[in-house]
Amino acid sequence: QVQLVESGGGLVQAGGSLRLSCAASGRSFSNYAMGWFRQAPGKEREIVAALSWSGRNTYYTDSVKGRFTISRDNAKNMVYLQMNSLKPEDTAVYFCAAAFSLENVYYTLRSAYAYWGQGTQVTVSS
């Protein structure tokens, strides 16, 4: 079992930055691939970024490449999403998710993730 708690969301102007944090509790955090998803009003929840248990393998959806960075600190049981050059279309609730994996891979499908946080709101004003 893994419990996930996101923090760091808020209101920011276009072009600004935010860093989201996800604190994980439970055993063997380093056995989990992690992902950040987002859901805007009236839209499906979508993958934003993902990384393997080691942090060496990463994925970004096209719309955030070059602006967002996902990282993890296994010693602290933390996952981060650094978001720069934010745009109004980045406005959404952001969710942290965990998928048990002994392979050093990431996952992009929602169905791969068994554990989810409660989400944190990110609002980007124009």
Do you know the tightest heavy-atom contact between [X] and [Y]?
X      : Y     : result
Val2   : Ala24 : CG1-CB, 4.2 Å
Ala49  : Ile47 : O-CD1, 3.6 Å
Ile70  : Trp36 : CD1-CD1, 3.6 Å
Ser126 : Pro88 : CB-CG, 3.8 Å
Lys65  : Tyr60 : CE-O, 3.2 Å

*Considering residues at least two apart in sequence or located in another chain, which fulfil the salt bridge (Lys or Arg N to Asp or Glu O under 4.0 Å) criterion with Lys43?*
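Partners of Lys43 under the salt bridge (Lys or Arg N to Asp or Glu O under 4.0 Å) test: none.
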
_Residues in salt bridge (Lys or Arg N to Asp or Glu O under 4.0 Å) contact with Arg38, at least two apart in sequence or another chain_ =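 If we apply the salt bridge (Lys or Arg N to Asp or Glu O under 4.0 Å) test to Arg38, skipping adjacent residues, the hits are Glu46, Asp90.
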
*About how many Å separate CZ of Phe29 and CG of Leu4, when rounded to the nearest 0.5 Å?*
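Nearest 0.5 Å value for the CG-CZ distance: 8.0 Å.
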
*How many angstroms lie between atom CZ of Arg67 and atom NZ of Lys87, to the nearest 0.5 angstrom?*
4.5 Å

Please tell me whether [X] and [Y] are part of a single hydrophobic cluster in this structure, the criterion being side-chain heavy atoms less than 4.5 Å apart.
X     : Y      : answer
Met34 : Met78  : no
Val64 : Leu109 : no
Met83 : Val48  : yes

List for me each residue that meets side chain to side chain donor-acceptor pair (under 3.5 Å) alongside [X], sequence neighbours excluded, and say none if there are none.
X     : answer
Ser30 : none
Ser54 : Ser52, Asn104
Ser21 : none

Donor-acceptor check, side chain of [X] to backbone of [Y], threshold 3.5 angstrom: yes or no?
X     : Y      : value
Arg72 : Gly55  : no
Glu6  : Gln118 : yes
Asn74 : Trp53  : yes

*Among all residues two or more places apart in sequence or in another chain, which pass the ring pair (Phe, Tyr, Trp, His ring centres under 6.0 Å) test with Tyr113?*
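Expected list: Phe37.
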
*List in chain and number order the residues that pass ring pair (Phe, Tyr, Trp, His ring centres under 6.0 Å) with Phe68, two or more places apart in sequence or in another chain; answer none if no residue qualifies.*
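Phe68: no ring pair (Phe, Tyr, Trp, His ring centres under 6.0 Å) contacts found.
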
*Below 4.5 Å, heavy atoms only, C-beta onward: do Asn57 and Val105 meet side chain to side chain?*
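Side-chain contact under 4.5 Å: no.
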
_Residue pair Gln121 / Thr123, side-chain heavy-atom distance below 4.5 Å_ = yes

*Keeping to residues at least two apart or across chains, list the ring-ring contact (aromatic ring centres under 6.0 Å, His included) pairs with something in residues 84-110.*
Tyr32-Phe100, Tyr59-Tyr106

Would you tabulate the side-chain donor-acceptor contacts of residues 10-20 under 3.5 Å, counting partners in other chains and residues two or more places apart, or write 'none'?
{"from": "Ser17", "atom 1": "OG", "to": "Asn84", "atom 2": "OD1", "distance (Å)": "2.9"}

*Not counting sequence neighbours, list each pair that qualifies as a salt bridge (Lys or Arg N to Asp or Glu O under 4.0 Å) and has a residue in residues 117-126.*
none

*Which disulfide bond (SG atoms under 2.5 Å apart) pairs, counting each pair once, include a residue from residues 36-120, with sequence neighbours left out?*
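Found Cys22-Cys96.
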
*asked:* Under the disulfide bond (SG atoms under 2.5 Å apart) definition, can you give me all pairs with a residue in residues 27-90, not counting sequence neighbours?
replied: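 Of all non-adjacent pairs touching residues 27-90, none passes disulfide bond (SG atoms under 2.5 Å apart).
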
